[in-house]
Protein chains: 2
Amino acid sequence: MKIIDISWPISKATTGYKDRSVINVDEIKNFGRDGVRETNIHLSSHSGTHIDAPSHFLKEGKTIDEIHLDRFVGDCIILDMTTCAERITRDCLMAHDDQIAAGSIVLLRTSNSDLSPTDKFNPHFVYLEASGAQYLTEKKIKAVGIDYLGIEHSQPGHPTHETLMNGDVIVIEGLRLGHVQKGNYFFVCLPLNMIGLEAAPARAILMSK
Amino acid sequence: MKIIDISWPISKATTGYKDRSVINVDEIKNFGRDGVRETNIHLSSHSGTHIDAPSHFLKEGKTIDEIHLDRFVGDCIILDMTTCAERITRDCLMAHDDQIAAGSIVLLRTSNSDLSPTDKFNPHFVYLEASGAQYLTEKKIKAVGIDYLGIEHSQPGHPTHETLMNGDVIVIEGLRLGHVQKGNYFFVCLPLNMIGLEAAPARAILMSK
């Protein structure tokens, strides 16, 4: 079994959404003085690789701890979307229609993965257009992941998020997919067990034989 | 496939090590005012379920990002240690000698799991004595997990941590095992991808057929 890490590295230097940097690490004990190292961590629920729960955008949406972990674990397909220059539309996805199975997890590999995880925030990142989100809900997938800190921009009212969340498709943001090939894998994404929050930082891996 | 969550719930109410509570969540955006929810999270690298990297106690030890994830993923056995009232010694573990395989992950289920995850810190938690740690390094397991926020107390110089870390056995603390049966499982524990830290919060699950 091979494990491939597809998680965003987290440090003070990590790209912040819209450059709102909220990641900090405070050294509480250091080896020279205390003989032990300890650190406090400060970050956003949306820092790096993370899962958005429906309560992020829906008034009565479930919080992250109310979603069973089997929604973030299972068969996945990585689709090569690098030919979609600005946004991933219904048409972009329909070209892969026979590869997108109900109940599966779909990861979108775009040119976003060419960006360094410590670059300045890129407001023009490739995003999933509302039409693509609508298509994925019709396909009844269980989750969709993308290789940037957000899954949409430039769409008033956040229709991509709302379509996915109302359609019971989980949103995974902040994946790193530049080093992996398109194709089928077993995916495991485990968010911190945060009670009552609208999102949580997570670690995501691919497993292959 | 069945997924069993064995992670400590994280909230402001979560038990802190020695009652040094460092977990906080700040509401940055709320639905009524902003139409979206966002939260900042503050916690220790050792809050709730977490993995200690060798650099926690060893001067030149590896940090959490330097350890390959396959050390926290793989076949595991949950041992029933509830008959060991105060500490888990070499003798306690030797009673299970034929069940402890080289390269496997050993999880110690003790009476600690009877405590609520929001109880006051219990300084008398059941711990892995240095003799038990020495035994596990001799067995060449790849990781050991326990159902409390620490794996040792009352041992000057932290010999359990140092023995395990020098013996290349990863330490997983803060598991919740009261709801699972002893026996064999597939274990996945994924820490946040924290760069350069001596530990990281993690989510841990068991997978069974």
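The sequence lines fix the lettering, A, B, ..., with proteins before strands; numbering per chain opens at 1. Heavy atoms only: backbone and side chains are in, while hydrogens, waters and symmetry mates are out.
Remark: side-chain polar atoms of B:E129 are not paired, donor with acceptor, to backbone N or O of B:I88 under 3.5 angstrom. Remark: the backbone N or O of A:A130 is paired with a side-chain donor or acceptor of A:T160 at under 3.5 angstrom. Side chain of A:K140 to main chain of A:V169: no donor-acceptor pair is present (N/O by atom type, distance under 3.5 Å, no hydrogens or angles).
Each of A:R87, A:E152, A:E86 was scored for a side-chain hydrogen bond (donor to acceptor under 3.5 Å, both in side chains) with A:Y127, with one residue passing: A:R87.
Interface remark: B:V22 contributes side-chain atoms only to the contact with chain A (heavy atom separation under 4.5 Å). No part of B:R176 comes within reach of chain A, as not one of its non-hydrogen atoms sits under 4.5 angstrom from that chain. Looking at B:K29, only its side chain comes within 4.5 Å of chain A, counting heavy atoms on both sides. Only the side chain of B:V25 comes within contact range of chain A, with heavy atoms under 4.5 Å apart. Using a 4.5 Å cut-off between heavy atoms, A:H68 contacts chain B through its side chain alone, with no backbone atom that close.
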Tell me, with the steps shown, if A:S104 and A:D75 meet side chain to side chain donor-acceptor pair (under 3.5 Å). CA-CA 6 Å; A:S104 71; A:D75 292 327; over 6 Å; no

Check the pair B:I6 / B:L107 against side chain to side chain contact (heavy atoms under 4.5 Å, CB included), numbers first and verdict last. CA-CA 11 Å; B:I6 53 170; B:L107 307 185; 4.0 Å; yes

List the steps and the verdict of side chain to side chain contact (heavy atoms under 4.5 Å, CB included) for B:D147 and B:L108. CA-CA 7 Å; B:D147 54 357; B:L108 306 170; 5.7 Å; no

Criterion side chain to side chain contact (heavy atoms under 4.5 Å, CB included) on B:I3 and B:L206, from CA distance to verdict: CA-CA 6 Å; B:I3 295 172; B:L206 302 173; over 6 Å; no

Output, in order, the C-alpha distance, side-chain angles, deciding distance and verdict of side chain to side chain donor-acceptor pair (under 3.5 Å) for A:T63 and A:E66. CA-CA 5 Å; A:T63 54; A:E66 293 175 326; 3.3 Å; yes

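Surrounding NE2 of A:H179 are more than 12 heavy atoms belonging to other residues, nucleotides or ligands, all under 6.0 Å away.
Ranking A:D5, A:N24, A:T49 against chain B, the residue ahead of the rest is A:D5, based on heavy-atom pairs under 4.5 Å. Counting heavy-atom pairs under 4.5 Å between each of A:L69, A:V73, A:T14 and chain B puts A:L69 at the top. Highest contact tally toward chain A, considering only B:P9, B:S7, B:C189, B:G32, is held by B:P9 [criterion: heavy-atom pairs under 4.5 Å].
In this pair, A:F121 and A:Y148 present their aromatic rings tilted. The plane angle is within the 30 to 60° band.
At a heavy-atom cut-off of under 4.5 Å, chain A is reached by B:E38, B:T39, B:N40, B:I41, B:H42, B:L43, B:S44, B:S45, B:H46 from residues 38-48 of chain B, listed in order of number. For a heavy-atom cut-off of 4.5 Å, chain A lies close to B:L197, B:E198, B:P201, B:A202, B:R203, B:I205 in residues 196-205 of chain B.
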Side-chain donor-acceptor pairs under 3.5 Å in residues 54-61 of chain B, sequence neighbours left out?
residue: B:S55; atom: OG; partner: B:K62; partner atom: O; Å: 3.3
residue: B:H56; atom: ND1; partner: A:R37; partner atom: O; Å: 2.7

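Partners of B:F187 by ring-ring contact (aromatic ring centres under 6.0 Å, His included), not counting sequence neighbours: none found.
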